[in-house]
Amino acid sequence: MSKVEEAKKQKRNKKKKRLLFRSIILLALLAALIFALISNFNNDEASLGVGDQAPPFQLKQLNGDAETLNLADLEGKGIMLNFWATYCKPCEDEMPYMQSLYPKYKDDIEIVAVSVDATQLVIDRFVDNYNLTFPILHDNKEQVMDLYNVGPLPTTYFINPDGEIVEVVSGPLTLERLDGYLQQILPE
Amino acid sequence: MREIKCDACHHINREGTELCESCGKPLVEKQQAEGKETKKLLNMRYDGSSRRSMTYNKSVVDRVWNFFSSVKVGVTLIVITLIASAVGTILPQQMYIPQNVQPEVHYKDQYGLIGQIYYQLGLHELYSSWWYMILIALIGISIIIASIDRVVPLYRALKNQKPTRHTTFIQRQRLHSKTDDVTDADKHTFISNLKRMRYKVTEDNGHVLAEKGRFSRWGPYVNHVGLIIFLLGALLRFVPFMYIDDFVWVREGETVVVPDTNGEYFIENKDFIIETYGDSEEDTRFKEALENQSGPIAKNFQTNAVIYRNVETVVGAEPQLEKFKEDSILVNHALKFDGFALYQTSYQLNEFKSMSFIIHETNDADETELASFKVDLTNPAEEYQLDNGFRVMIDQYFPDYYIDDGEPRSQTKNPKNPAFVFLVYPPDSSEPEVSFAGIGRNVDASGENQYKVGLQDFEVRDVTGLTVRKDYTLPILGLGGIIFMIGVIQGMYWQHRRVWIHPKNNGLWLAAHTNKNWFGIKKDIEKAIMKTNINMVVDQEQEEQELQKQQEQNK
């Protein structure tokens, strides 16, 4: 009798062990799968995405009074960070929208447009042409473009007053959408 | 769990066992070699032991486990992945289309409706899509679980081998013979011959098992371990710390940031060199071969580069560069620094660097130079004060000029086809004349210009294209590959050969099995029974086939 019970107990133990072993292996494999998927997803969305802190940088400012602009100095304001170039047509299309909304939000939100053009001359002409008054920066060594891992132009980051990226928009914006995004990053 | 008791040796076997683990007697009716016409031979797969996944099917974990353990599932997954991979090659993947276009527009423009569907289904980045990754991962899981599920029972079966086998087992082996009278001396010679051929011999009460090359049975599993390590290495390529693959254009004389180094490293292109065959004297020996070629053949691509470290911590601020390394980058000779490697991958020759213009009177046929100026295309000035009181302002600059809907525009930022709108202020005049000048173009906007701007000369420079790579996964991939190969060799070049001797009255029964190379084991036995009166084994499969052939002929 006790022998049978002992055998049964042994069997149960064995079964438990087996279940544990299989569960551990399956869990480990599942973890690897999830890891692969998440890292792949992050890769697609560039290294910077919604929820990340906007990395600080400093660039030469081509218009206005200031010589340079440091993103860290804009703390407390919402930031619309726009990457563009003079030869990029959709960038050109959205510039007037940005200019038209700039006066309205000026005190709460800074619109910062980073040009990745090679020469200052073409940017100057462009700025004069469209009478742009928000800060235009020149990233001639593509340092900031690399830092933000910008792909196609235009790409726009909407950063809230705490320095957190709230929205990343790749491609051109309409006036209504732009207004909506700017509402999202207004200081409280 | 049900158990099966062997009626011959009373050994208790697990459910699913086909051949008794102890004596080898078939426990199921239909136990026979798969795919063979003969019903006589045993199926020796996994030595007839039970594959665990086939035995119980209870909890969810067990069900999942059993699903992945199936070879059928594994093969199906592989076939699906193969088909999916093929689909990804129908149109170019996103990484191969021009960088400056929006993919949704590009696929529609280039390939029409098919392109649009292709894009909308996400097939333009198929190889990094979630479902493709899941497919690959499922294959990995299937390999791991199927291996565990088979290697454990097989290991147990081979470890617990007993020399004593049931007569049915002996008779139903492919190689078998019966000898009625064998002297002890002959049997001894036979066994010691086997030993000499490095068979491991175990004896139990006159029953003998001689075995060699058992480790070759682990070949497929070693191979799978290698494959899993390889997959793991491939998985780690998604971690930026482990793997970076990027590209950078550097113009001669320019210093730019090396991408993905967080602005820490900069590269300066001191000089890009391209040499073709036929340039130097020693190449005369290739003269004939070169004449058969339509264009020049490149001999060397080389970038003389300097790597700098940026000690300025604020990104975008004027970098403070310290020289870190200087080297030339050639094909198969990368510049390596801090885990990164720069490879020579591409180049563009003769991009414009500067242009010189002269001003002359429009109606002067000799084009006598009144003033001249040089525009640095990397940083053009707004205004140029010239001789003889001329002043020129650049109104518009198009680095890569083209006409878009009648409007002059630039296609890119690179001076591939530079063009200018100049405002020329003649001496003592505040009214400028507008001139358009570019490569092969010289347009007088008003048609009434007194002076003309003409291109006199230009300087060019080369652009080098470098691949930026960091790859710490290579050692892992290499290790996986080596283990994979060891597994293949182990399974291919060795065979697991077994010979059973079963004493029967005054004689003995002989049986032999190998997982491949039946010719080899027959040779071994032939050699071992030499000078004894033990009968040579008969290949029962061959015998049966011949018998069938004969019967067919007789019909």
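Naming convention: chains lettered A, B, ... in sequence-line order (proteins, then strands); numbering from 1 in each chain.
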For the candidates B:E382, B:R409, B:M133, B:E254, which exhibits the highest count of non-hydrogen atom pairs separated by less than 4.5 Å from chain A? B:R409

If you count heavy-atom pairs under 4.5 Å between each of B:D260, B:V256, B:I136 and chain A, which one has the most? B:D260

Under a 4.5 Å heavy-atom cut-off, does chain A meet the side chain of B:L138, its backbone, both or neither? neither

Contact part of A:A32 toward chain B, heavy-atom cut-off under 4.5 Å: side chain, backbone, both or neither? both

Taking B:T378's backbone N and O only, do any of them form a donor-acceptor pair with B:D376's side chain (distance below 3.5 Å, no angle check)? yes

Counting C-beta onward and ignoring hydrogens, is there a side-chain heavy-atom pair between A:V166 and A:Y157 closer than 4.5 Å? no

Are B:I228 and B:F230 close enough that some pair of their side-chain heavy atoms sits under 4.5 Å apart? no

Counting only non-hydrogen atoms closer than 4.5 Å, does B:V248 touch chain A with its backbone (N, CA, C, O), its side chain (CB onward), both, or neither? neither

Within the 4.5 Å heavy-atom criterion, are A:R177 and A:V169 side-chain neighbours or not? yes

Structural part of B:I144 lying under 4.5 Å from a heavy atom of chain A: side chain

Looking only at heavy atoms and a cut-off of under 4.5 Å, which of A:Q120, A:K89, A:E142 has the most pairs with chain B? A:K89

The interface call for A:A85 against chain B, heavy-atom contacts under 4.5 Å, is neither

Under 4.5 Å heavy-atom distance to chain A, tell me which part of B:N414 shows up: side chain, backbone, both or neither. neither

Taking atom OH of B:Y384 as the centre, does the number of heavy atoms from other residues, nucleotides or ligands within less than 6.0 Å exceed 12? yes

Pair count under 4.5 Å, heavy atoms only, with chain B: among A:L71, A:D139, A:I25, highest is A:I25

Is there side-chain contact between A:L132 and A:M95, with at least one heavy-atom pair below 4.5 Å? yes

So what's closer than 4.5 Å to chain B heavy atoms on A:S23: side chain, backbone, both or neither? both

Counting heavy-atom pairs closer than 4.5 Å to chain B, which one of A:V122, A:D128, A:V144 comes out on top? A:V122

Checking A:F126 against chain B: side chain, backbone, both or neither under 4.5 Å from a heavy atom? neither

Bottom line for B:F266: the part with an atom under 4.5 Å from chain A's heavy atoms is side chain

Got a sec: does the CD of B:E104 have more than 12 other heavy atoms crowding it under 6.0 Å? yes

Side chains of A:Y102 and A:E110 in contact at under 4.5 Å (non-hydrogen atoms): yes

Please look at B:P415 and chain A and tell me whether the side chain, the backbone, both or neither of the residue comes under 4.5 angstrom of a heavy atom of that chain. neither

Distance alone, cut at 3.5 Å: any donor-acceptor contact between the side chains of A:E92 and A:T86? no

Does any non-hydrogen side-chain atom of A:S115 lie less than 4.5 Å from one of A:L137? no

